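Have a look at the structure below, then the notes.
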There are 2 protein chains.
Amino acid sequence: MSPIGKTRPTGRDRLRDSVLAGDLSFLLARANALTLAAANAALAEHGLKARSYSVLALAADDVRPTQRELAEFLRLDPSQVVALVDGLEKRQLVERRTDPADRRANVLVATDAGRALFARAQESARAVELGLLAAVTPEDHERLAQLLRLLAFPE
Amino acid sequence: MSPIGKTRPTGRDRLRDSVLAGDLSFLLARANALTLAAANAALAEHGLKARSYSVLALAADDVRPTQRELAEFLRLDPSQVVALVDGLEKRQLVERRTDPADRRANVLVATDAGRALFARAQESARAVELGLLAAVTPEDHERLAQLLRLLAFPE
DNA sequence: ACAAATAATTGACATTTTCAACGGTCCGTG
DNA sequence: CACGGACCGTTGAAAATGTCAATTATTTGT
């Protein structure tokens, strides 16, 4: 039947018809792993990783997040946010301002240098994203984002 | 305008309108984090995590993967697969058989106990998946899987 | 004014990731 | 057939991440 007579036929990605390949958790994990690796590779040029890029993005967005909000949003332990912000602050990309409305909290703001770097990094990020989505139409791209939002932000 | 007069209006998830929230990498990361946590919580009952569940799934699927194929498929370092398989083998859920076609390679096969455990774990996994997708219609569920496959298995 | 709750920080510890090196096996070429 | 180079699984160490409890400063409700 099969044109190839070997015991291990297709060789390359035989596992793609396994049950696991239908598992949403697995697909998410694998898609995320590939995407994360690509993003990190592209951001390295700017001295960033996906994590620090995310923090910088939120700081540059004038949404003035507290560290706790950052932790919740990025699904990190608050102590990890401390380290992340330390790194960005040491590079003068970001500033901690104690929230006047709640002096326990720090609000994050990007410096001008931070905004400039973010703008450049965003270009790289966008390029990577487009590369990954080469096989996806713009409508499907948006549809994918919509569906992921449902998973990422359950009501 | 806004009915709330505070400086920090909505309070809860203000960050959801930031630019980052439109970033596919971020949505993937966050969706994956939540999904992974839910999966791990559900699988703990069976002494499994998402990783070991995946390995067991492939072993139980009679696809006879080598450890290298496992590593590639799950996006893990080969040395991580060693540890994973060690764990499952110690619990007699899985066996290493040296591939007769290539004596360097180990092929993974599930034991009867492994198959039985997998069947039970799969139920838990399915339940979790349905819970996470409560807000998604079955058609969209399939569409999401399709789109994720494009990201997870770029040609 | 006080007790309980919350934000950030620190430090300890566990888990995961990443990498280089090694023995055993395979494969193509001479 | 023998050899060199590639490949598989394994080990061990180092780096990065994740998890948690304790601490200080501040807020909030009573």
Side-chain angles (χ1 to χ4, degrees), chain A residues 6-8 11-12 29-30 32-34 36-37 39-41 43-44 47-55 59 64-90 94-108, chain B residues 6-8 11-12 14-15 29-30 32-34 36-37 40-41 43-44 47-55 59 64-90 94-109:
Chain A
K6 304 283 304 215
T7 311
R8 288 193 170 282
R12 261 288 149 259
R30 182 162 162 126
N32 181 53
L34 294 177
L36 184 63
N40 279 338
L43 291 170
L48 295 172
K49 299 189 184 185
R51 286 285 168 77
S52 38
Y53 173 80
S54 298
V55 172
R64 302 178 82 81
T66 68
Q67 294 184 201
R68 181 148 293 270
E69 288 173 316
L70 249 30
E72 176 350 40
F73 198 60
L74 302 177
R75 234 82 250 294
L76 297 173
D77 189 272
S79 62
Q80 292 180 277
V81 176
V82 170
L84 239 17
V85 174
D86 280 352
L88 292 173
E89 199 174 39
K90 225 155 277 164
V94 132
E95 273 178 20
R96 280 183 241 240
R97 304 230 180 115
T98 90
D99 185 347
D102 181 349
R103 305 216 315 288
R104 290 170 301 180
N106 292 336
V107 148
L108 266 219
Chain B
K6 305 283 304 218
T7 313
R8 287 195 171 280
R12 264 286 149 260
R14 298 162 41 244
L15 308 189
R30 184 164 159 123
N32 182 53
L34 293 177
L36 184 63
N40 279 337
L43 291 170
L48 295 172
K49 298 188 185 185
R51 287 285 168 76
S52 38
Y53 173 79
S54 298
V55 172
R64 303 177 82 81
T66 67
Q67 294 185 199
R68 181 147 292 270
E69 287 173 316
L70 249 30
E72 199 303 346
F73 198 60
L74 302 177
R75 233 82 251 293
L76 297 174
D77 189 272
S79 62
Q80 292 180 275
V81 175
V82 170
L84 240 17
V85 174
D86 280 352
L88 292 173
E89 199 174 40
K90 225 154 276 164
V94 131
E95 273 178 20
R96 280 184 241 240
R97 306 232 179 114
T98 91
D99 185 347
D102 180 350
R103 307 216 316 287
R104 291 170 302 181
N106 292 336
V107 148
L108 266 220
V109 232

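The figures that follow rest on heavy atoms only: side chains count, while hydrogens, waters and symmetry mates do not. On a predicted model such as this, the values are computed, not experimentally measured, just so you know. Here is how names work: the chains are called A, B, and so on, in the same order as the sequence lines, proteins then strands, and each is numbered from 1.
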- Query: Rounded to the Å, how far apart are A:Leu36 CG and C:dT16 P?
  - Reply: 17 Å
- Query: For A:Asp99 and D:dT26, what is the distance between atoms CG and P respectively, to the nearest whole Å?
  - Reply: 13 Å
- Residues B:Leu43, B:Lys49; criterion side chain to side chain contact (heavy atoms under 4.5 Å, CB included); working and verdict: CA-CA 6 Å; B:Leu43 291 170; B:Lys49 298 188 185 185; 5.8 Å; no
- Query: Could you give the CZ-to-C1' distance, from B:Arg97 to D:dC8, as a whole number of Å?
  - Reply: 19 Å
- Message: Looking at A:Lys49, I'd like to know whether one of its side-chain N or O atoms comes within less than 4.0 Å of OP1 or OP2 on D:dT17.
- Response: yes
- Nearest heavy-atom contact between A:Pro65 and A:Glu69 is CA-OE1, 3.4 Å
- Item | Step-by-step side chain to side chain contact (heavy atoms under 4.5 Å, CB included) determination, B:Leu108 to B:Arg96 | CA-CA 5 Å; B:Leu108 266 220; B:Arg96 280 184 241 240; 4.0 Å; yes
- Query: Can you name the closest pair of heavy atoms from A:Thr98 and A:Arg103 and give their distance?
  - Reply: CB-O, 4.4 Å
Let me have the donor-acceptor pairs involving side chains of residues 73-85 of chain A, under 3.5 Å, with sequence neighbours excluded, atom names and distances please.
{"residue": "A:Asp77", "atom": "OD1", "partner": "A:Ser79", "partner atom": "N", "Å": "2.9"}
{"residue": "A:Asp77", "atom": "OD1", "partner": "A:Ser79", "partner atom": "OG", "Å": "2.6"}
{"residue": "A:Gln80", "atom": "OE1", "partner": "A:Asp77", "partner atom": "N", "Å": "3.1"}

- Cationic N near anionic O, under 4.0 Å, B:Glu72 to A:Arg30: yes
- Can you give one letter per nucleotide of nucleotides 5-13 of chain C, 5' to 3': B if a protein heavy atom sits under 4.0 Å from the base, S if only from the sugar-phosphate, - if neither? BBSSBB---
- Query: Could you state the CG-P distance from B:Leu76 to D:dC8, rounded to the nearest angstrom?
  - Reply: 16 Å
- Item | Interatomic distance where CZ belongs to B:Arg103 and P belongs to C:dG23 [whole Å] | 18 Å
- Message: In whole Å, I'd like the distance from the CZ atom of A:Arg75 to the P atom of D:dT17.
- Response: 19 Å
